[in-house]
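Proteins come first, then strands; the chains are lettered A, B, ... in the order of their sequence lines, and each starts at number 1. As the structure is a prediction and not an experimental result, all values here were calculated from the model.
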There are 2 protein chains.
Amino acid sequence: MVITISEKVLRRTRQRQRILEVLRATKGHPTADWIYSQVKPEFPRLSLGTIYRNLKLLKEQGEILELDFGSTFSRFDGRSENHYHFICRKCGEVFDVDMPLDNNLNKKATKTTGFDIEDHRLVFYGLCKGCLKIRERR
Amino acid sequence: MVITISEKVLRRTRQRQRILEVLRATKGHPTADWIYSQVKPEFPRLSLGTIYRNLKLLKEQGEILELDFGSTFSRFDGRSENHYHFICRKCGEVFDVDMPLDNNLNKKATKTTGFDIEDHRLVFYGLCKGCLKIRERR
DNA sequence: ATATCTGCAAATGGTTTGCGGAGGA
DNA sequence: TCCTCCGCAAACCATTTGCAGATAT
(Lines give C-alpha, C1' and ligand atoms only; values in the text may rest on other atoms or scores of the structure.)
Protein backbone atom coordinates (compact mmCIF):
# COMPACT_ATOMS: atom_id res chain seq x y z
CA MET A 1 0.00 0.00 0.00
CA VAL A 2 1.30 3.39 -0.94
CA ILE A 3 0.11 6.48 0.83
CA THR A 4 0.47 9.65 -1.17
CA ILE A 5 -0.08 13.06 0.31
CA SER A 6 -1.67 14.95 -2.51
CA GLU A 7 -0.56 18.53 -2.75
CA LYS A 8 -2.05 21.03 -5.12
CA VAL A 9 0.34 21.77 -7.95
CA LEU A 10 0.12 25.40 -8.93
CA ARG A 11 -0.13 26.26 -12.59
CA ARG A 12 1.51 29.29 -14.03
CA THR A 13 -1.29 31.50 -15.25
CA ARG A 14 -0.83 34.78 -17.04
CA GLN A 15 -3.10 36.55 -14.58
CA ARG A 16 -1.16 35.44 -11.52
CA GLN A 17 2.13 36.25 -13.18
CA ARG A 18 1.06 39.81 -13.94
CA ILE A 19 -0.34 40.34 -10.46
CA LEU A 20 3.01 39.41 -8.96
CA GLU A 21 4.90 41.58 -11.44
CA VAL A 22 2.73 44.59 -10.68
CA LEU A 23 3.23 44.05 -6.96
CA ARG A 24 6.99 43.68 -7.33
CA ALA A 25 7.24 46.75 -9.51
CA THR A 26 5.59 49.16 -7.10
CA LYS A 27 7.18 50.70 -4.05
CA GLY A 28 3.77 51.28 -2.58
CA HIS A 29 1.54 48.93 -0.63
CA PRO A 30 -1.47 48.62 -2.88
CA THR A 31 -4.95 47.36 -2.19
CA ALA A 32 -6.54 44.49 -4.09
CA ASP A 33 -8.62 47.03 -5.94
CA TRP A 34 -5.63 49.04 -7.11
CA ILE A 35 -3.93 45.90 -8.38
CA TYR A 36 -7.13 45.05 -10.18
CA SER A 37 -7.17 48.44 -11.90
CA GLN A 38 -3.58 47.94 -13.02
CA VAL A 39 -3.98 44.44 -14.44
CA LYS A 40 -7.48 44.87 -15.85
CA PRO A 41 -6.47 46.60 -19.13
CA GLU A 42 -4.53 43.49 -20.16
CA PHE A 43 -7.36 41.14 -19.28
CA PRO A 44 -10.64 42.88 -20.03
CA ARG A 45 -12.65 40.05 -18.47
CA LEU A 46 -10.56 39.98 -15.29
CA SER A 47 -12.58 39.83 -12.08
CA LEU A 48 -11.79 40.92 -8.55
CA GLY A 49 -12.35 37.35 -7.39
CA THR A 50 -9.34 36.30 -9.43
CA ILE A 51 -7.25 39.03 -7.81
CA TYR A 52 -8.21 37.90 -4.33
CA ARG A 53 -7.69 34.22 -5.08
CA ASN A 54 -4.24 34.86 -6.50
CA LEU A 55 -3.16 37.18 -3.73
CA LYS A 56 -4.08 34.43 -1.31
CA LEU A 57 -2.08 31.85 -3.24
CA LEU A 58 0.94 34.14 -3.55
CA LYS A 59 0.82 34.79 0.16
CA GLU A 60 0.69 31.07 0.90
CA GLN A 61 3.67 30.56 -1.39
CA GLY A 62 5.58 33.16 0.60
CA GLU A 63 5.92 35.40 -2.44
CA ILE A 64 4.17 38.41 -0.92
CA LEU A 65 2.96 39.79 2.41
CA GLU A 66 -0.52 40.80 3.37
CA LEU A 67 -0.54 43.90 5.55
CA ASP A 68 -3.42 44.71 7.80
CA PHE A 69 -3.14 47.89 9.76
CA GLY A 70 -6.64 48.24 11.06
CA SER A 71 -8.31 49.73 8.04
CA THR A 72 -11.29 48.06 6.45
CA PHE A 73 -9.14 46.64 3.65
CA SER A 74 -5.81 44.85 3.25
CA ARG A 75 -2.70 46.14 1.59
CA PHE A 76 -0.16 43.90 -0.11
CA ASP A 77 3.61 44.03 -0.18
CA GLY A 78 5.76 42.56 -2.94
CA ARG A 79 8.67 42.18 -0.51
CA SER A 80 8.06 38.97 1.37
CA GLU A 81 10.95 39.00 3.81
CA ASN A 82 10.07 40.60 7.12
CA HIS A 83 10.62 44.32 7.34
CA TYR A 84 9.20 47.24 9.26
CA HIS A 85 6.60 49.75 8.19
CA PHE A 86 5.59 53.30 8.87
CA ILE A 87 2.08 54.70 8.61
CA CYS A 88 1.44 58.40 8.42
CA ARG A 89 -1.29 59.21 10.87
CA LYS A 90 -2.40 62.13 8.70
CA CYS A 91 -2.48 60.87 5.10
CA GLY A 92 -2.56 57.16 5.92
CA GLU A 93 0.22 56.32 3.48
CA VAL A 94 2.30 53.20 4.19
CA PHE A 95 6.08 53.27 3.80
CA ASP A 96 8.81 50.68 4.20
CA VAL A 97 11.30 51.32 6.98
CA ASP A 98 14.65 49.91 5.95
CA MET A 99 16.30 49.39 9.27
CA PRO A 100 17.76 46.05 10.35
CA LEU A 101 15.50 43.59 12.16
CA ASP A 102 16.06 43.70 15.89
CA ASN A 103 16.03 40.04 16.83
CA ASN A 104 16.90 40.87 20.40
CA LEU A 105 13.26 41.84 20.73
CA ASN A 106 12.30 38.19 20.24
CA LYS A 107 14.72 37.12 22.95
CA LYS A 108 13.49 39.76 25.38
CA ALA A 109 9.87 38.83 24.76
CA THR A 110 10.67 35.13 25.14
CA LYS A 111 12.22 35.88 28.52
CA THR A 112 9.21 37.94 29.56
CA THR A 113 6.50 35.57 28.44
CA GLY A 114 8.00 32.10 28.42
CA PHE A 115 6.48 31.60 25.00
CA ASP A 116 8.33 30.28 21.99
CA ILE A 117 8.67 33.47 19.95
CA GLU A 118 9.79 33.20 16.37
CA ASP A 119 8.97 36.49 14.78
CA HIS A 120 7.62 39.99 15.22
CA ARG A 121 5.95 42.75 13.29
CA LEU A 122 6.80 46.36 13.97
CA VAL A 123 4.86 49.37 12.74
CA PHE A 124 5.74 52.99 13.35
CA TYR A 125 3.30 55.89 13.43
CA GLY A 126 3.82 59.59 12.95
CA LEU A 127 3.92 62.21 10.23
CA CYS A 128 5.52 61.59 6.84
CA LYS A 129 7.69 64.22 5.18
CA GLY A 130 4.88 65.57 3.05
CA CYS A 131 2.47 66.04 5.93
CA LEU A 132 5.26 67.47 8.06
CA LYS A 133 5.86 70.21 5.47
CA ILE A 134 2.20 71.12 5.32
CA ARG A 135 2.16 71.48 9.07
CA GLU A 136 5.27 73.68 9.09
CA ARG A 137 3.78 76.02 6.52
CA ARG A 138 0.98 77.05 8.85
CA MET B 1 -19.96 87.71 16.69
CA VAL B 2 -19.12 84.76 18.84
CA ILE B 3 -17.83 81.58 17.33
CA THR B 4 -18.41 78.53 19.46
CA ILE B 5 -16.83 75.22 18.66
CA SER B 6 -19.49 72.80 19.69
CA GLU B 7 -18.14 69.58 21.09
CA LYS B 8 -20.33 66.63 21.85
CA VAL B 9 -20.71 66.14 25.56
CA LEU B 10 -20.82 62.47 26.42
CA ARG B 11 -23.49 61.23 28.73
CA ARG B 12 -22.91 58.49 31.19
CA THR B 13 -25.11 55.61 30.14
CA ARG B 14 -25.42 52.33 31.97
CA GLN B 15 -24.66 50.38 28.82
CA ARG B 16 -21.39 52.16 28.13
CA GLN B 17 -20.37 51.91 31.75
CA ARG B 18 -20.84 48.15 31.79
CA ILE B 19 -19.02 47.68 28.49
CA LEU B 20 -15.98 49.45 29.90
CA GLU B 21 -16.16 47.49 33.15
CA VAL B 22 -16.32 44.18 31.31
CA LEU B 23 -13.37 45.17 29.16
CA ARG B 24 -11.33 46.31 32.16
CA ALA B 25 -12.12 43.17 34.09
CA THR B 26 -10.87 40.71 31.51
CA LYS B 27 -7.27 39.82 30.81
CA GLY B 28 -8.21 38.69 27.34
CA HIS B 29 -8.70 40.70 24.20
CA PRO B 30 -12.34 40.14 23.42
CA THR B 31 -14.32 40.70 20.27
CA ALA B 32 -17.35 42.96 20.05
CA ASP B 33 -19.49 39.87 19.97
CA TRP B 34 -18.04 38.43 23.16
CA ILE B 35 -18.58 41.72 24.97
CA TYR B 36 -22.14 41.69 23.71
CA SER B 37 -22.71 38.22 25.13
CA GLN B 38 -21.36 39.36 28.50
CA VAL B 39 -23.43 42.52 28.81
CA LYS B 40 -26.61 41.22 27.19
CA PRO B 41 -28.02 39.43 30.28
CA GLU B 42 -28.23 42.75 32.12
CA PHE B 43 -29.89 44.53 29.19
CA PRO B 44 -32.15 42.07 27.43
CA ARG B 45 -32.87 44.53 24.62
CA LEU B 46 -29.19 45.37 24.05
CA SER B 47 -28.13 45.41 20.42
CA LEU B 48 -24.76 44.87 18.78
CA GLY B 49 -25.02 48.34 17.26
CA THR B 50 -24.84 49.80 20.76
CA ILE B 51 -21.74 47.76 21.48
CA TYR B 52 -19.99 49.00 18.37
CA ARG B 53 -21.02 52.61 18.90
CA ASN B 54 -19.74 52.59 22.45
CA LEU B 55 -16.51 50.82 21.64
CA LYS B 56 -15.88 53.54 19.09
CA LEU B 57 -16.61 56.28 21.61
CA LEU B 58 -14.43 54.67 24.26
CA LYS B 59 -11.61 54.38 21.78
CA GLU B 60 -11.94 58.05 20.84
CA GLN B 61 -11.85 58.96 24.52
CA GLY B 62 -8.60 57.03 24.86
CA GLU B 63 -10.15 54.61 27.35
CA ILE B 64 -9.49 51.46 25.33
CA LEU B 65 -7.49 50.19 22.36
CA GLU B 66 -8.79 48.56 19.22
CA LEU B 67 -6.51 45.76 18.06
CA ASP B 68 -6.51 44.59 14.51
CA PHE B 69 -4.18 41.75 13.73
CA GLY B 70 -5.37 40.82 10.28
CA SER B 71 -8.36 38.73 11.17
CA THR B 72 -11.79 39.62 9.89
CA PHE B 73 -12.79 41.13 13.22
CA SER B 74 -11.34 43.51 15.78
CA ARG B 75 -10.34 42.75 19.31
CA PHE B 76 -10.47 45.28 22.10
CA ASP B 77 -8.10 45.95 24.96
CA GLY B 78 -9.10 47.57 28.24
CA ARG B 79 -5.53 48.79 28.76
CA SER B 80 -5.21 51.96 26.75
CA GLU B 81 -1.53 52.78 27.28
CA ASN B 82 0.70 51.35 24.59
CA HIS B 83 2.01 47.85 25.23
CA TYR B 84 3.16 44.90 23.19
CA HIS B 85 1.24 41.80 22.19
CA PHE B 86 1.85 38.18 21.34
CA ILE B 87 -0.28 36.08 19.03
CA CYS B 88 -0.05 32.31 19.04
CA ARG B 89 0.21 31.21 15.44
CA LYS B 90 -1.50 27.93 16.33
CA CYS B 91 -4.49 28.79 18.53
CA GLY B 92 -4.71 32.46 17.58
CA GLU B 93 -4.94 33.63 21.18
CA VAL B 94 -3.75 37.17 21.96
CA PHE B 95 -1.63 37.85 25.04
CA ASP B 96 -0.13 40.98 26.56
CA VAL B 97 3.65 41.16 26.64
CA ASP B 98 4.70 43.12 29.68
CA MET B 99 8.13 44.30 28.66
CA PRO B 100 9.15 47.97 28.70
CA LEU B 101 8.55 50.05 25.60
CA ASP B 102 11.70 50.41 23.56
CA ASN B 103 11.63 54.06 22.58
CA ASN B 104 15.01 53.76 20.95
CA LEU B 105 13.14 52.10 18.12
CA ASN B 106 11.41 55.39 17.37
CA LYS B 107 14.75 57.20 17.27
CA LYS B 108 16.32 54.63 14.99
CA ALA B 109 13.37 54.69 12.63
CA THR B 110 13.39 58.49 12.62
CA LYS B 111 17.03 58.43 11.61
CA THR B 112 16.34 55.88 8.88
CA THR B 113 13.29 57.53 7.38
CA GLY B 114 13.48 61.20 8.17
CA PHE B 115 9.87 61.04 9.26
CA ASP B 116 8.53 62.42 12.49
CA ILE B 117 7.91 59.20 14.39
CA GLU B 118 5.90 59.36 17.58
CA ASP B 119 4.88 55.83 18.33
CA HIS B 120 5.08 52.19 17.39
CA ARG B 121 3.15 48.96 17.67
CA LEU B 122 4.96 45.70 18.21
CA VAL B 123 3.44 42.25 17.85
CA PHE B 124 5.22 38.96 18.45
CA TYR B 125 4.33 35.65 16.84
CA GLY B 126 5.09 32.09 17.91
CA LEU B 127 3.65 29.30 20.02
CA CYS B 128 2.02 29.91 23.39
CA LYS B 129 2.72 27.66 26.36
CA GLY B 130 -0.37 25.55 25.81
CA CYS B 131 0.35 24.85 22.16
CA LEU B 132 4.02 24.25 22.96
CA LYS B 133 3.04 21.46 25.36
CA ILE B 134 0.80 19.80 22.83
CA ARG B 135 3.64 19.80 20.36
CA GLU B 136 6.10 18.32 22.87
CA ARG B 137 3.73 15.48 23.67
CA ARG B 138 3.93 14.08 20.15
C1' DA C 1 -6.93 13.93 -19.82
C1' DT C 2 -7.77 16.25 -15.89
C1' DA C 3 -7.20 19.05 -12.10
C1' DT C 4 -6.48 23.93 -11.56
C1' DC C 5 -7.96 28.38 -12.75
C1' DT C 6 -11.09 32.03 -14.44
C1' DG C 7 -15.24 35.04 -14.95
C1' DC C 8 -19.44 35.86 -13.14
C1' DA C 9 -22.60 36.70 -9.70
C1' DA C 10 -24.39 35.76 -5.40
C1' DA C 11 -23.33 35.09 -0.61
C1' DT C 12 -20.86 36.21 3.66
C1' DG C 13 -20.25 38.56 7.90
C1' DG C 14 -18.28 42.04 10.77
C1' DT C 15 -19.37 46.69 11.17
C1' DT C 16 -22.01 50.94 10.26
C1' DT C 17 -26.05 53.72 9.93
C1' DG C 18 -30.94 55.86 9.53
C1' DC C 19 -34.84 56.24 12.14
C1' DG C 20 -38.04 57.03 15.89
C1' DG C 21 -38.43 56.70 20.61
C1' DA C 22 -36.01 56.66 25.38
C1' DG C 23 -33.47 58.78 28.78
C1' DG C 24 -29.49 61.47 30.94
C1' DA C 25 -28.20 66.31 32.17
C1' DT D 1 -36.38 70.81 27.65
C1' DC D 2 -32.82 69.30 24.63
C1' DC D 3 -29.56 66.64 22.74
C1' DT D 4 -27.35 62.23 23.14
C1' DC D 5 -28.12 57.41 23.22
C1' DC D 6 -30.68 53.18 22.46
C1' DG D 7 -32.94 49.26 19.94
C1' DC D 8 -34.11 47.70 15.64
C1' DA D 9 -33.36 46.58 11.08
C1' DA D 10 -31.47 47.57 6.85
C1' DA D 11 -27.34 48.95 4.49
C1' DC D 12 -22.46 48.66 3.64
C1' DC D 13 -18.50 46.76 1.51
C1' DA D 14 -14.21 44.18 1.33
C1' DT D 15 -13.67 39.55 0.70
C1' DT D 16 -15.14 34.77 -0.23
C1' DT D 17 -17.36 31.20 -2.72
C1' DG D 18 -20.28 28.06 -5.94
C1' DC D 19 -20.68 27.05 -10.54
C1' DA D 20 -19.72 26.09 -15.36
C1' DG D 21 -16.63 26.72 -18.84
C1' DA D 22 -11.53 27.65 -20.05
C1' DT D 23 -6.78 26.57 -19.71
C1' DA D 24 -2.21 24.89 -18.22
C1' DT D 25 0.47 20.70 -17.87
Using a heavy-atom cut-off of 4.0 Å across all strands, would you classify A:Asn54 as base, sugar-phosphate, or nothing? sugar-phosphate
Salt bridge A:Glu63-A:Arg24, side-chain N to carboxylate O under 4.0 Å: yes
Would you say the ring centroid of A:Tyr125 lies under 6.0 angstrom from that of A:Phe86? no
Rounded to the nearest Å, what distance is computed from the CG atom of residue B:Leu46 to the C1' atom of nucleotide C:dA22? 15 Å
Could you tell me whether B:Arg16 contacts a base, only the sugar-phosphate backbone, or nothing, with contacts defined as non-hydrogen atoms closer than 4.0 Å? sugar-phosphate
Rounded to whole Å, CD of A:Glu66 lies from P of D:dA14 at a distance of 14 Å
Select base, sugar-phosphate, or nothing to describe what A:Ser47 touches, counting heavy atoms under 4.0 Å on all strands. base
What nucleic acid atoms does A:Phe73 come within less than 4.0 Å of, heavy atoms only: base, sugar-phosphate, or nothing? sugar-phosphate
Side-chain N,O (B:Thr13) to OP1/OP2 (D:dT4) below 4.0 Å: no
By nearest nucleotide on DNA chain C, pick out whichever of B:Thr72 and B:Arg14 is the more 5' one. B:Thr72
Could you check B:Asp33 against A:Gly49 and say which one's nearest nucleotide on DNA chain C is further toward the 5' end? A:Gly49
Can you work out whether B:Val9 or A:Phe76 has the more 5'-proximal nearest nucleotide on DNA chain D? B:Val9
For atom NZ of B:Lys56 and atom P of D:dT4, their distance in whole Å: 15 Å
Students often get this wrong, so: under 4.0 angstrom with heavy atoms, is A:Arg12 touching a base, only sugar-phosphate, or nothing? sugar-phosphate
What's the closest nucleotide to the B:Arg11 side chain, out of D:dA24, D:dG7, D:dC5? D:dC5
I'd like to know if B:Val97 and B:Leu127 are part of one continuous hydrophobic network [Ile/Leu/Val/Met/Phe/Trp/Tyr, side-chain heavy atoms within less than 4.5 Å]. no
Please state how far atom CD in A:Gln17 lies from atom C1' in D:dT23, giving the value in whole angstrom units. 14 Å
Ion pair check, B:Asp119 and B:Arg121, cut-off under 4.0 Å: yes
Output the rounded distance in Å from CG (A:Leu48) to P (D:dT17). 15 Å
Using only modelled atom types and a 3.5 angstrom limit, is any donor from either the side chain of A:Arg53 or the base of C:dG7 paired with an acceptor on the other? yes
Selection from D:dC5, C:dG7, C:dC5 that lies nearest to any side-chain heavy atom of B:Leu57: D:dC5
Starting at atom CG of B:Leu58, determine the distance to atom P of D:dC5, rounded to an integer number of angstrom. 11 Å
Using the ring of each side chain (for Trp, its six-membered ring), is B:His85 parallel, tilted or perpendicular to B:His29, with breaks at 30° and 60°? perpendicular
Is it the case that A:Asn106 and A:His120 place a side-chain donor and acceptor less than 3.5 Å from each other? yes
Does OP1 or OP2 of C:dG23 have a side-chain N or O of B:Gln15 closer than 4.0 Å? no
Have a look at the helix from C:dA1-D:dT25 to C:dA25-D:dT1 and give the angle its two end axes make, five pairs each, rounded to 10 degrees. 40°
Hey, is the main chain of B:Asn104 close enough, under 3.5 Å, to the side chain of B:Asp102 for a donor-acceptor pair? yes
Rounding to a whole Å, what distance do you find between B:Leu55:CG and D:dC6:C1'? 15 Å
Touch check for A:Ser74, heavy atoms < 4.0 angstrom, all strands: base, sugar-phosphate only, or nothing? sugar-phosphate
Any idea which of D:dG7, C:dT16, D:dA14 is nearest the B:Tyr52 side chain? C:dT16
When you measure from the side-chain N and O atoms of A:Lys8 to the phosphate of C:dC5, is any distance below 4.0 Å, counting only OP1 and OP2? yes
Mark yes or no for a side-chain to base donor-acceptor pair under 3.5 Å between B:Arg45 and D:dC6, with no hydrogen or angle criteria applied. no
Short side-chain donor-acceptor distance under 3.5 Å, A:Ser74 and A:Glu66: yes
D:dT15 P sits how many Å from A:Arg75 CZ, rounded? 11 Å
Donor-acceptor under 3.5 Å (B:Lys40 side chain, B:Leu46 main chain): yes
